[in-house]
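Scroll down for the structure; my scribbles are underneath it.
Each chain gets a letter, A, B and so on, in the order its sequence line appears, and its residues count up from 1. Only a predicted model underlies this, so the values are computations on that prediction, with no experimental measurement involved.
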Protein chains: 2
Amino acid sequence: MRSRSEEEDGTAIANRTAYPRGKRVSLIPADHACGLCPVRLQTFCGLLEAEDLARFKYQGSTGRLKPGEPLFHEGDAADLVYNLTAGTLKLYKLLPDGRRQIIGFLLPGDFLGTAPGDHAFSAEAVEPAEYCRFARARFDAFVDTHPEIGRELYLMAVHELAAAREQMVLLGRKTAAERLATFLLGLFDRARARNADWEIVRLPMSRTDIADYLGLTKETVSRSFTAFRTAGMIRLLPADRVELLQRGPLEELASANAG
Amino acid sequence: MRSRSEEEDGTAIANRTAYPRGKRVSLIPADHACGLCPVRLQTFCGLLEAEDLARFKYQGSTGRLKPGEPLFHEGDAADLVYNLTAGTLKLYKLLPDGRRQIIGFLLPGDFLGTAPGDHAFSAEAVEPAEYCRFARARFDAFVDTHPEIGRELYLMAVHELAAAREQMVLLGRKTAAERLATFLLGLFDRARARNADWEIVRLPMSRTDIADYLGLTKETVSRSFTAFRTAGMIRLLPADRVELLQRGPLEELASANAG
DNA sequence: CGGTGGCTTGATCATCCTCAATAGGAGTGG
DNA sequence: CCACTCCTATTGAGGATGATCAAGCCACCG
């Protein structure tokens, strides 16, 4: 059995909501390796000038995952850090008897950091995914020479901590309907932060995944979806998409939290 | 309604378990203001040489709380950071209808940081408490000139994030007995990390507090205590103390998590 | 078309919650 | 020292939310 301090894991950052961020460098040469990266400005990469960014990029590599393919497992040595550039990942922890708690979904632009030691959770693709990958040792060294990135990482960790606490309220105190409403609105907000002002969002994860994220069963999730649909709050579209019809009642349920 | 980015809050660090930490400065002059501080070596203060520590101390002040007295409320402006030097605090979030989720208990030596914006949770004394307090702006400036403290804060945030995820597993997937077993063992471990190898620990918080931390009701907590007592795993002593009689069965229940 | 896998729906069950009453313990005043 | 109060913890009975078990449905795909 590993010692507790070896079980530490890092920051997995989901850009759920806006947070105070450093100033982005919007223009880099078109022929730059990161020039076409669709998420550069959403990550700390956007903090770097072209020259630094090139040096940084040179230290990493890219990869690709098929749906269901793991990026790493809980207990694996954690010596890489990742930046998700496309697709969706789920992060989860297992109990010995197989019960599973999904602790978050990562979308393009999210950072998946790791601290020294072993991974405290597993990461797996929900749909085809692509990522940039860096050796943690090199990454840390790079951060040491770029304090603005260190500061950004700290803010990301603090932000993620706030999100985790929000989720603790959901898991500890909300009803099934409230959990799903919170989840859906969160997805819409995250989508809005990235794309346009769409009222339609894709749900790449299965009902089982949603259930394991919300502390419910797939049946209860399904019933709650049906209830929302019947009440005219949402519409379920082909290709795993959901349309938001009435934000009000859902917000009422999600009851963000008291001020 | 505040914008999302204003709702950010900071790092509240519970020294639940060991984590990789910077090297402590064990000797400082006896007449130093922090010379008698019982928790100096458990906090980042222990990283500072006497001279720096004096400068740091000079920027802060101390305070005291009676049981039940709030340190701040969710929604208050967050422009101070705290170091708990004695007593116990509970941190919690409320839903509009009064449902409460306690997101953590702070013990002496724990740091209660805040990020710009408003507090995302409330903090309140469970038993008489004492703390050091610093203006966040000054604290940040001090951190900027002491990168070793910045690094420590980052590690603390990452550590707290791991603990929050562990709690998500508890809240989402564990049974009542498993939750209480996990909670009790966590308390024993935290106590051991601070004091001696005692098998007796004090529970300064009420059954209601424990329930709101574990996502249960006080009745269910009480019944689980009784079950553990009846099974001979623990003994309930006067003055809110619990003695650990059989660690094995409790660990079985807590089922830390799969490797 | 038949098969496969995920989603939905239904019926029953169990855990935990709710409501209510009792017991215990600390503090107070006679 | 004892009675009284207040507050919390414990215990009990009944009920509800969500889990479990079990079909049926639907889309997708060979």
Could you give the CG-to-P distance, from B:D97 to C:dC17, as a whole number of Å? 15 Å
Side chains of A:S122 and A:K93 only: does a donor on one sit below 3.5 Å from an acceptor on the other? no
Going by distance alone, is a donor N or O of one side chain under 3.5 Å from an acceptor N or O of the other, for A:E124 and A:Y92? yes
Take atom CD1 of B:I210 and atom C1' of D:dT8, then tell me their distance rounded to the nearest Å. 12 Å
Round to a whole Å and report the spacing from CG of A:L216 to P of D:dT17. 14 Å
At 4.0 Å (heavy atoms only), tell me whether A:T217 reaches a base, stays on the sugar-phosphate, or touches nothing. base
From CG of A:L237 across to C1' of D:dA27 the rounded distance in Å is 15 Å
Under 4.0 Å, counting only non-hydrogen atoms across every strand here, what does A:S222 touch: a base, just sugar-phosphate, or nothing? base
For A:L236, which contact category applies under a 4.0 Å heavy-atom criterion: base, sugar-phosphate, or nothing? sugar-phosphate
What is the distance, to the nearest angstrom, from the CG atom on A:L214 to the P atom on D:dT17? 18 Å
Measure from the side chain of A:R223, starting at C-beta and using heavy atoms only, and say which of D:dA9, C:dA11, D:dT11 lies closest. C:dA11
Check this for me, if you would: do B:R207 and B:D240 make a salt bridge, where the nitrogen-to-carboxylate-oxygen distance has to be below 4.0 angstrom? no
Between atom CD1 in A:I234 and atom C1' in C:dT8, what is the gap in whole Å? 14 Å
Taken to the nearest whole Å, CZ/B:F225 to P/C:dA23 is 22 Å
D:dT10 OP1/OP2 closer than 4.0 Å to side-chain N/O of B:R207: yes
Does a nitrogen or oxygen in the side chain of B:T220 sit under 4.0 Å from OP1 or OP2 of C:dC16? no
Please report the C-alpha distance between B:F111 and B:Y82 in whole Å, then the side-chain angles of each, then the deciding distance to 0.1 Å, and finally whether the ring pair (Phe, Tyr, Trp, His ring centres under 6.0 Å) criterion is met. CA-CA 6 Å; B:F111 174 67; B:Y82 308 85; 9.0 Å; no
Contact nearer the 5' end of DNA chain D, comparing A:E219 with A:A177: A:A177
By nearest-nucleotide position on DNA chain C, the 5'-leaning member of B:A239 and A:R229 is A:R229
Looking at B:R165 and A:E160, is there a salt bridge between them, counting it only when a charged N and a carboxylate O are closer than 4.0 Å? yes
Going by modelled atom types, is there a donor-acceptor pair between the base of D:dG18 and the side chain of A:R179 at under 3.5 Å? no
Within this structure, what is the NZ-to-P distance between B:K218 and D:dT10, rounded to whole angstrom? 12 Å
I want to check one thing: is the phosphate of D:dT8, taken as OP1 and OP2, less than 4.0 Å away from some side-chain N or O of B:T208? no
